[in-house]
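Numbers here simply count residues along the sequence, with the first being 1.
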Amino acid sequence: MKNRNMVMALCLMWAMSINAQVSDAARHVHEKLQAFVASGEYNVSEGRVVCQDAVTGGKATAYDFSQVFGVEGTNDATILFPRLKELEQTLRSEAVHAKEVMIHDARQGVPLVSGVEWLLGNPNGVVTGEYAFGNKQNIRLLTFEDPDGQRYAVLLAWEQQIKQDQQVGNIWMMNGTIYEITAKKYDKMPFFLPYSSEPQRIKTTIKYDTDPTAPQTYDELLTKVKQTCQIYDRETSGGKTAAVVVLHKMCDGYPNKLTREQYNTLIGILSPYAETASGQKHKEMFGYTCYTLYQKSEHYQAEGGEVKRRPAMITSSTISTTQLRKVVSYNGLITNGSEDLQLVDCQISGTATADADSVIVRRSVSSFEELGKFPVRNGRFSFTCRLPKNEVCGLTTKNRYYTYFWADGQPIKIDLLKNTVKGQKASQQRNNFLNETEAERLRMLKMKNRAELDAAIAKQRERYRQVIFAGKDDLLRTYAIYKIYTELSYDELKPFVSDQFRYSNHLLMAPVKEYVAGLEKRRPGTHYTDIALKDTLDNSHQLSEYIGKGYVVLHFWESWNRDEFDILPQLCPLYDQYHAKGLQILSLAIDGVYKKRWTERLREENLPWPQLATQATPYRQAYGILSWPETIVIGPDGTIVASPSTVQELEAALKKIYSTN
């Protein structure tokens with residue numbers, strides 16, 4: 001008995017020691033991260049919260065850093081300043097105490113996964129964030145978890161490159177971002193997952209791979225340069241930065257030589273911005289873009305050979321990873337020919353808490369980009385600022401929920417204590433709707449009773465549908481559609497993404513258009529697309545191996561998910577009912593890269609139909625799937641016969657098929 005007690009005590013001491021080591025490791029990483037931020041190396045930014053769970057307190061904070069300057073020599077080995085080097089070394093040394101580790105060096109080639117997604121545990125509404133890896137990035141990712149279920153992670157991703165230049169000398173470019181993430185463990189919900197949708201492969205330096213969308217002719221380049229400069233003139237601060245990045249990307253990707261006349265025309269447009277652009281960094285980037293065009297011109301060819309003085313414009317720059325990722329949205333404004341953004345003066349006044357010293361205006365469609373910070377005196381504020389017209393913005397003080405409003409140019413009064421907005425009639429109705437539905441969402445996050453939660457979700461969904469199909473305010477419709485578009489059918493959504501709808505090009509409609517484009521890829525009557533698959537033994541397969549012998553149901557799912565969206569229990573009786581008649585089900589796991597978790601779930605379920613894994617790129621490109629579970633029914637001739645959005649619709653489709661065959 002004494003021996004057993006001694007063994008138990010030793011085991012307890014060992015467990016306590018391990019737990020202490022985990023806590024110390026996470027604290028050590030945090031301290032090194034804060035030391036790097038405090039140092040200001042690489043123009044590192046102050047932390048900005050990119051996502052936050054109001055119930056559990058989990059959040060993700062991002063720190064962007066970048067620098068461009070002249071360097072002697074051509075050695076492209078890793079160059080890290082002292083504080084960042086200490087952080088990187090700490091991540092390596094503490095990896096032994098981490099629960100999950102990813103260490104990837106750019107010289108190893110393309111990362112094994114295209115990005116990661118993190119989940120902040122909440123039983124009533126998962127808050128997620130994501131990061132897409134660049135092809136040439138160095139990646140360090142560590143996650144920790146203590147016995148109380150507290151989770152902590154740091155993701156460091158950076159890219160550096162030396163660009164050789166015969167005339168001005170070599171240019172060293174460094175760019176990266178750090179995410180610090182805290183969360184609370186909930187049930188079997190994982191902390192990190194592979195990036196679940198096709199990431200935008202935006203490079204995180206000023207040097208880009210060949211871009212197939214870059215202008216191929218001079219006329220096309222000239223048109224896009226003019227259009228981008230117009231967008232720059234009308235955009236907000238963050239949008240201006242994105243426009244500058246887009247501009248340089250298209251000029252850098254232009255594949256042809258420029259005649260002297262063509263070069264002079266382009267420089268005539270761009271060179272004034274190098275003197276008058278908003279802020280020194282924008283001036284530097286316009287100047288560097290001018291230099292990029294100079295390298296493609298006959299002037300450069302004629303003057304080659306002699307190393308000249310390095311232009312001052314390339315001594316430094318701050319183009320961050322986050323700003324580059326914004327190119328996705330803003331480049332859409334350029335290539336898709338949608339309406340240029342307009343700014344409008346907004347007069348805002350109101351009340352805040354007595355201890356508040358400032359209020360912050362943020363743009364809700366771009367990761368809550370900060371648009372302005374204004375003083376609070378004796379609990380009151382009043383200011384006028386220029387905001388993106390007809391967009392949803394939020395006003396907040398530090399560590400408080402947002403009060404939302406439409407930036408339509410009408411004067412408004414905001415009470416941050418009561419979460420209310422007062423203004424003219426049309427504005428009042430829109431702003432009331434924004435804040436009432438947001439308050440409903442926050443209440444739902446705290447609900448413990450499943451039946452109560454389901455009823456609240458159904459009630460809010462119906463409220464959105466009323467605005468979409470019975471309301472007369474087209475601008476408010478865009479917001480309602482944005483909130484529930486994945487629950488609407490193709491036929492319901494199609495009228496709103498056509499040019500006939502007034503706000504079809506609104507930024508809130510961008511994901512809706514992408515979703516509808518995905519639905520079109522799996523519309524009944526469309527022929528299936530073959531994709532590569534893997535089984536649990538890592539054997540390769542093709543979808544075509546299973547087509548042609550009868551009807552096939554493709555079931556796209558995540559193996560970790562066990563909530564109300566898990567449809568495995570409903571699929572089993574359908575399989576039992578129709579398999580003898582020739583039905584085959586294929587479950588295609590999108591998280592099969594986590595093989596241990598996937599195979600453990602399969603052993604637990606003991607499912608009788610084939611279990612395969614697929615990756616984000618193939619299934620998203622082939623079938624436009626952006627969420628799951630999703631099902632597609634394919635006929636014996638390879639034609640898609642149904643794309644049910646619910647199990648009930650799947651059941652009805654199968655009943656119809658087998659009642660007529």
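- Side chain of Asp408 to backbone of Ser427: no donor-acceptor contact under 3.5 angstrom is found.
- Of the possible donor and acceptor atoms, one in the side chain of Gln428 sits under 3.5 Å from a partner among the backbone N and O of Val421.
- With sequence neighbours excluded, the residues forming a ring-ring contact (aromatic ring centres under 6.0 Å, His included) with Phe501 are Phe496, listed by chain and number.
- Within the structure, ring pair (Phe, Tyr, Trp, His ring centres under 6.0 Å) contacts touching residues 421-465 (residues at least two apart or in different chains) are Phe433-Tyr464.
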When you look at Asp345 and Arg386, which way does the salt bridge (charged side-chain N to carboxylate O under 4.0 Å, His left out) test go after all the steps?
-> CA-CA 4 Å; Asp345 289 326; Arg386 292 180 64 77; 3.2 Å; yes
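- Counting heavy atoms from C-beta on, the side chains of Ile412 and Asn431 come closer than 4.5 Å.
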Can you list the steps and then say if Tyr63 with Tyr179 is a ring pair (Phe, Tyr, Trp, His ring centres under 6.0 Å)?
-> CA-CA 6 Å; Tyr63 305 88; Tyr179 283 89; 9.0 Å; no
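- The only option from Arg465, Gln466, Gln460 that meets the side-chain hydrogen bond (donor to acceptor under 3.5 Å, both in side chains) definition with Glu462 turns out to be Gln466.
- Of the listed residues (Arg461, Lys459, Arg463), just one forms a salt bridge (Lys or Arg N to Asp or Glu O under 4.0 Å) with Glu440, and that residue is Arg463.
- Panel note: side chain Thr143, backbone Glu100; a donor-acceptor pair is recorded below 3.5 Å.
- Interatomic distance, CG of Asp473 versus CD1 of Ile468, reported as 12.5 Å (0.5 Å rounding).
- Pairing each heavy atom of Val29 with each of Leu87, the nearest pair is O-CD1, 4.0 Å.
- A salt bridge links Glu86 with Lys32: at least one charged nitrogen is closer than 4.0 Å to a carboxylate oxygen.
- A donor-acceptor pair shorter than 3.5 Å cannot be found between the side chains of Asn419 and Tyr404.
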